[in-house]
Amino acid sequence: MAIRVFNTLGRRLEEFRTLEPGLVKMYVCGPTVQDVAHLGHARTYVAFDAIIRFLEYYGYKVYYVRNITDVGHIREDTLEDRIVEGARREGVQPMELVDKYMFSFFQDMDALGVRRPNIQPRASMHILDMIEMIKVLLEKGHAYVVDGTVYFDVSTFPDYGKLSGIKPEELEKHRIEPDPRKRNPADFALWKKAEKGYLLKWPSPWGEGFPGWHIECSVMSMKYLGEQLDIHGGGQELILPHHENEIAQSEAYTGRKPFVRYWLHTGYLTINGEKMSKSLGNFISIKDALKKYDADSIRLFILSAHYRSPIDYSDEALLQATQNIERIRGALDELYSLIQESGDGGGGEAEREVMDARKRFVEAMENDFNTPEALSAIYSLVRSANNYMTSRSRHSRDALKMYYDAILELSRALGLLQDYAPGRYRVEGEAGRILDILLEVRGELRRRGIYEISDRIRSKLAEIGIIVEDTRTGVKVRFRRHSR
RNA sequence: GCCCGGGUGGCCGAGCGGUUAGGCGGCGGGCUGCAGACCCGCUCUACAGGGGUUCAAAUCCCCUCCCGGGCUCCA
């Protein structure tokens, strides 16, 4: 079997084959660092993170580049760079704003357990490369200059529209009046002339200005990955115009097709059924979400839907994800403590169940990274393990270990439970020692049958988010992160 | 207006021509001092509506309705 991926280019499932055996060259469009990252970013980057982790689990080496857009992303309505706009909003220098939100983004990605890219190139550090590429496009007749601004000439690229399915003439419908000096309404800026006093600008053969938005991704992906890439990803909203334009300028520049073998796009995230936007007041940052739910809950929520499907963020959905991740953790905890006191014996049933689950997991992921299906393989393993533990009085260490290892292995192949460490509970410092004393006293009360007081301790602790459970292998403590 | 996606049982969410998805919830039972966790069983006559193709359709075709998105900044 092999991996099959849904390629936006052609809109069909294709067998995944890399340019170089064993190596995946991958580029995902990063954020424009103008503000704090939101759940939409989380959705896209976590989804791609699971894909990357699975590819690595599958045996590929993945060379991953994700850019930082810190210049050139212009609003078509106000014709203003979003970085400049944000800088004015906060009363700081543009590059001050960029630093602030770029590092904030890095923090968020780390907090979500997203594997760091091999390179995170910044647009502003590649201006010279962009100028070189634009020069070549002009030489080859694919671009023209109008008063200090350079446009890509779409009419010289017959393939224009192959990704999004749009025809250049369909782009004639505009809500915003295009520059009348453009030859074709679909033509897009490679370089833009800067007005006097503009903060983000660089010298160029066409005068002072700044790059268009799309050119950065062509330049940076080709610089670090070569003229052809295996995977290029991003959110669905980038298909047109961003990725369409990237294809046009890249293939016109190199003369090689395809620029990208597989285009992958993630679906949207809505909040309680509505599109997330600042104007609707339902904008949720990654930092805010992490205050309420832990990273594994958020990741499980995202992976519970296929990466191309739309997902809706709601407290109910996150609560369900939290329950599910706790179910997996609970089984691991239980397995771990039983392993310590179990005897010899073969794997038995466990061996076959683990093999089955692993097979189902891999097949699900091979099928366009079907994470919901892959998760169900993990759940069935959890159920089998729990069943094994509750249905008999003696356990084989081998069987327990097989379950334990497989559950953790498959979870981590999706990036789940990266920080998981078995153990009853861990509370740092004095609070932890006080909790120990409290639980010891409670245990003694229970032994003496003074349940009224032992139960009161339990319910009081529950009120502050410490869940105490009495299991066959001892007292178990869980913590409830989310506020109710 | 044009172009993409979608509409699956109480909820979330796979499946995309014939075999149980899975999870959550609910009900019953087991375990437990109780609770929780966990296990077992059950539950829900599922596939937006209407036509058609087929031996067979949630899955393919046509029409209609509804939702989201792109053509404008967005992951």
Side-chain angles (χ1 to χ4, degrees), chain A residues 8 11 28-32 34-35 37-48 66 69 73-78 80-82 85 161 164-167 169-176 178 185-186 213 233-242 244 265-270 273-278 300-301 304-306 308-312 314 316-317 319-324 326-327 330-331 333-334 360 364 367 370-380 382-391 446 449-452 454-455 458-459 462 467-472 476 478:
Chain A
T8 305
R11 292 180 202 282
V28 171
C29 283
T32 300
Q34 52 176 325
D35 204 341
H38 54 67
L39 285 172
H41 296 106
R43 198 271 156 97
T44 292
Y45 301 128
V46 166
F48 281 115
R66 186 182 61 210
T69 297
H73 200 162
I74 298 149
R75 292 182 77 109
E76 293 296 325
D77 49 358
T78 57
E80 183 158 51
D81 188 311
R82 299 182 73 82
E85 185 187 69
S164 60
I166 203 167
K167 297 178 191 73
E169 53 270 28
E170 285 169 2
L171 286 169
E172 284 174 24
K173 194 128 192 146
H174 285 270
R175 286 184 232 170
I176 290 155
W213 173 37
Q236 263 172 17
E237 75 284 354
L238 296 179
I239 295 171
L240 187 73
H242 189 54
E244 194 71 69
H265 292 98
T266 52
Y268 294 95
L269 178 136
T270 52
E274 287 182 313
K275 180 178 178 169
M276 178 169 57
S277 75
K278 286 199 162 168
L300 188 63
F301 158 69
S304 292
H306 187 264
R308 283 189 282 117
S309 301
I311 51 173
D312 187 47
S314 65
E316 202 188 342
L319 233 42
Q320 202 181 111
T322 303
Q323 275 183 53
N324 281 326
E326 282 186 358
R327 180 175 154 79
D333 283 349
E334 206 62 16
R360 275 217 287 140
N367 183 21
N370 192 330
T371 52
E373 191 86 34
L375 286 170
S376 86
I378 296 177
Y379 294 140
S380 77
V382 167
R383 180 174 294 281
S384 300
N386 282 330
N387 190 344
Y388 177 72
M389 290 189 286
T390 50
S391 67
R446 289 185 65 226
I450 309 174
Y451 296 119
E452 191 201 323
S454 68
D455 288 353
R458 183 173 62 194
S459 64
I467 315 297
V468 177
E469 292 167 354
D470 301 302
T471 72
R472 49 195 284 151
K476 184 172 165 179
R478 290 187 293 129

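Everything numeric in this text was worked out from a predicted model, so none of it was measured. Note on naming: letters A, B, ... go to the chains in the order of the sequence lines (proteins, then strands), and numbering restarts at 1 for each one.
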>> If you only use heavy atoms from C-beta on, which nucleotide in B:A75, B:C11, B:C39 is closest to the side chain of A:Arg327?
In response: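 Given the options B:A75, B:C11, B:C39, the side chain of A:Arg327 is closest to B:C39.
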> To the side chain of A:Asn324, which of B:G15, B:A35, B:G23 is closest?
Replying inline: B:G23
>> Quick one, A:Arg446 with A:Asp470, criterion salt bridge (Lys or Arg N to Asp or Glu O under 4.0 Å). Give me CA distance, side-chain angles, the key distance, then yes/no.
In response: CA-CA 10 Å; A:Arg446 289 185 65 226; A:Asp470 301 302; 3.1 Å; yes
>> Measuring to OP1 and OP2 of B:C38, would you say a side-chain N or O of A:Asn387 lies under 4.0 angstrom away?
In response: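 No, because none of the side-chain N or O atoms of A:Asn387 sits under 4.0 Å from OP1 or OP2 of B:C38.
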> Is any side-chain N or O of A:Gln323 closer than 4.0 Å to OP1 or OP2 of B:G25?
Replying inline: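 Answer is yes, contact under 4.0 Å.
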> Given the P atoms of B:G23 and B:U32, what is the spacing between them in whole Å?
Replying inline: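 Between the two P atoms, the distance is 25 Å.
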>> Using atom C1' in both nucleotides, what's the gap between B:C44 and B:U54 to the nearest angstrom?
In response: 30 Å
>> If you assign A:Ser309 and A:Gly267 each to the RNA chain B nucleotide with the nearest heavy atom, which residue ends up on the more 5' nucleotide?
In response: A:Ser309
>> Here's a test of your reading of the structure: between A:Tyr45 and A:Thr270, which maps to the more 5' nucleotide of RNA chain B?
In response: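 Of the two residues, A:Thr270 wins.
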> A:Pro241: what forms a side chain to side chain contact (heavy atoms under 4.5 Å, CB included) with it, not counting sequence neighbours?
Replying inline: A:His214, A:Asn245
Might you list the N or O atoms of the protein lying below 3.5 Å from N or O atoms in nucleotides 17-22 of chain B, with each pair's distance?
none

> Which class fits the ring pair A:His41 and A:Tyr45: parallel under 30°, tilted 30 to 60°, perpendicular over 60°?
Replying inline: parallel
> So what does the secondary structure string of RNA chain B come out as, 5' to 3', with Watson-Crick or wobble pairs under 3.5 angstrom, [ ] for crossing and | for pairs with another strand?
Replying inline: ((((((((.[[[..)..(...]]]((((((.......))))))....[[[[[..)....]]]]])))))))....
Between [N] ([atom2]) and [X] ([atom1]): distance, integer Å:
X        : N     : atom1 : atom2 : answer
A:Asp312 : B:G69 : CG    : P     : 12 Å
A:Asn386 : B:G23 : CG    : P     : 12 Å
A:Arg43  : B:G13 : CZ    : P     : 10 Å
A:Leu300 : B:G23 : CG    : P     : 13 Å

Please write out each protein N/O paired with an N/O of nucleotides 27-34 of chain B under 3.5 Å, distance rounded to 0.1 Å.
from  : atom 1 : to       : atom 2 : distance (Å)
B:G33 : N7     : A:Arg446 : NH2    : 3.4
B:G33 : O6     : A:Arg446 : NE     : 2.9
B:G33 : N1     : A:Asp455 : OD1    : 3.0
B:G33 : N1     : A:Asp455 : OD2    : 3.3
B:G33 : N2     : A:Asp455 : OD2    : 2.5
B:C34 : O2     : A:Arg458 : NH2    : 2.5
B:C34 : N3     : A:Arg458 : NH1    : 2.9
B:C34 : N3     : A:Arg458 : NH2    : 3.2
B:C34 : N4     : A:Asp470 : OD2    : 3.3

Close N or O pairs between protein and nucleotides 5-7 of chain B (under 3.5 Å):
none

Protein and nucleotides 46-48 of chain B: nitrogen or oxygen contacts under 3.5 angstrom:
none

> Is a side-chain donor-acceptor pair under 3.5 Å present for A:Arg82 with A:Thr69?
Replying inline: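 Result is no, nothing qualifies.
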>> Any heavy-atom pair between the side chains of A:Ser376 and A:Arg360 that's under 4.5 Å?
In response: yes
>> Are A:His265 and A:Ile239 packed together at the side-chain level, in the sense that at least one heavy-atom pair is separated by less than 4.5 angstrom?
In response: yes
>> Counting neighbours of CD on A:Glu316 that are heavy atoms of other residues, nucleotides or ligands and sit closer than 6.0 Å, is the number greater than 12?
In response: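 Open.
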